[in-house]
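All values reported here derive from a predicted model rather than from experimental measurement.
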Amino acid sequence: QVQLVESGGGLVQAGGSLRLSCSASGRTINNYAMGWFRQAPGKEREFVAAISSSGISSYYGDSVKGRFTISRDNAKNTMYLQMNNLEPEDTAVYYCKADSRPARSFPKIDFPSWGQGTQVTVSS
C-alpha cells in the first residue's frame, strides 16, 4: 500500500501561487494514477486534478482549468500541483490520492479514507 503525505500549503494573497507536493512511500508510484482533491469548510470534497501513471494524460476540474497544473516525478516518488492565479475560492484542505484505476475515473471514485491534507488559504 502506498502511503501519501501532502505538503506545501500556506497562506497566499489572491493572484499568488503555491506548489503542493505529495510524497509517496511504501511502494513506487510508477503504476498508479494519482490525483488531487480539496475540501472547503462546509462543502463537499471536490476533484481538482488527476494524472496518469506515465504522466502523459492529465485531467482537471472545471474550476481550476487553466490555473492549476498537475505533474509527477516517478523517480522521486512525488506528485505536484502548481497553483497559479489563486482565488479566495481555492481556500481548502488539499488531499492527494493514488489508485490503480485510470486517472480519468478519479472524479467518480469514492475513496474510503483520506490523509491529513495540507491547508491552502487565499486571502482577498
Side-chain angles (χ1 to χ4, degrees):
Q1 189 171 357
V2 179
Q3 286 81 45
L4 302 172
V5 176
E6 305 93 344
S7 63
L11 173 62
V12 64
Q13 288 188 334
S17 299
L18 280 174
R19 189 176 81 154
L20 305 184
S21 297
C22 174
S23 299
S25 62
R27 282 191 178 182
T28 176
I29 64 171
N30 292 18
N31 297 322
Y32 292 90
M34 299 188 73
W36 290 97
F37 296 78
R38 67 186 183 186
Q39 187 168 22
K43 295 188 177 181
E44 292 188 352
R45 208 179 311 265
E46 174 188 18
F47 167 75
V48 175
I51 189 167
S52 62
S53 58
S54 66
I56 292 176
S57 300
S58 57
Y59 307 87
Y60 296 91
D62 289 341
S63 61
V64 306
K65 282 180 182 176
R67 300 187 298 122
F68 291 11
T69 302
I70 190 171
S71 63
R72 64 192 294 160
D73 186 339
N74 286 350
K76 295 183 178 180
N77 235 27
T78 302
M79 175 183 63
Y80 305 98
L81 185 68
Q82 178 65 43
M83 306 185 295
N84 297 330
N85 195 20
L86 283 161
E87 304 169 351
E89 294 74 21
D90 297 316
T91 295
V93 178
Y94 285 70
Y95 303 88
C96 63
K97 298 297 291 185
D99 201 271
S100 57
R101 286 167 281 191
R104 64 180 179 273
S105 68
F106 269 51
K108 298 182 179 179
I109 296 176
D110 184 16
F111 292 100
S113 63
W114 298 85
Q116 292 195 340
T118 186
Q119 175 72 48
V120 172
T121 303
V122 184
S123 63
S124 57

Check the hydrophobic clustering (I, L, V, M, F, W, Y; side-chain heavy atoms under 4.5 Å; chains of links allowed) and say if [X] and [Y] are grouped together.
X	Y	result
Leu18	Val122	yes
Ile109	Val48	no
Tyr94	Tyr59	no
Trp114	Val93	yes

Working to the nearest 0.5 Å, report the span between [atom1] of [X] and [atom2] of [Y].
X	Y	atom1	atom2	result
Gln13	Ser124	CD	OG	9.5 Å
Ser58	Arg104	OG	CZ	13.5 Å
Ile29	Thr78	CD1	OG1	6.5 Å
Tyr80	Cys96	OH	SG	12.0 Å
Tyr32	Ser53	OH	OG	11.0 Å
Leu4	Gln116	CG	CD	13.0 Å

Find out whether [X] and [Y] are in side-chain contact, i.e. whether some heavy atom of one side chain is under 4.5 Å from a heavy atom of the other.
X	Y	result
Leu20	Tyr95	no
Phe47	Lys108	no
Asp90	Arg38	yes
Lys97	Asp99	no
Asn77	Arg27	no
Glu89	Ser63	no
Val12	Met83	no

For [X] and [Y], indicate whether the former's side chain and the latter's backbone hold a donor-acceptor pair under 3.5 Å.
X	Y	value
Tyr60	Ile70	yes
Arg67	Asn85	yes
Arg72	Ser52	yes
Glu46	Glu44	no

Considering all heavy atoms, the nearest [X]-[Y] contact:
X	Y	value
Ser17	Gln82	CB-NE2, 3.9 Å
Ala50	Ala103	CB-O, 3.5 Å
Gln3	Gly26	OE1-CA, 3.6 Å
Pro102	Ala33	C-CB, 4.1 Å

- prompt: Ring centroid separation for Phe37 and Phe111, is it under 6.0 angstrom?
  reply: yes
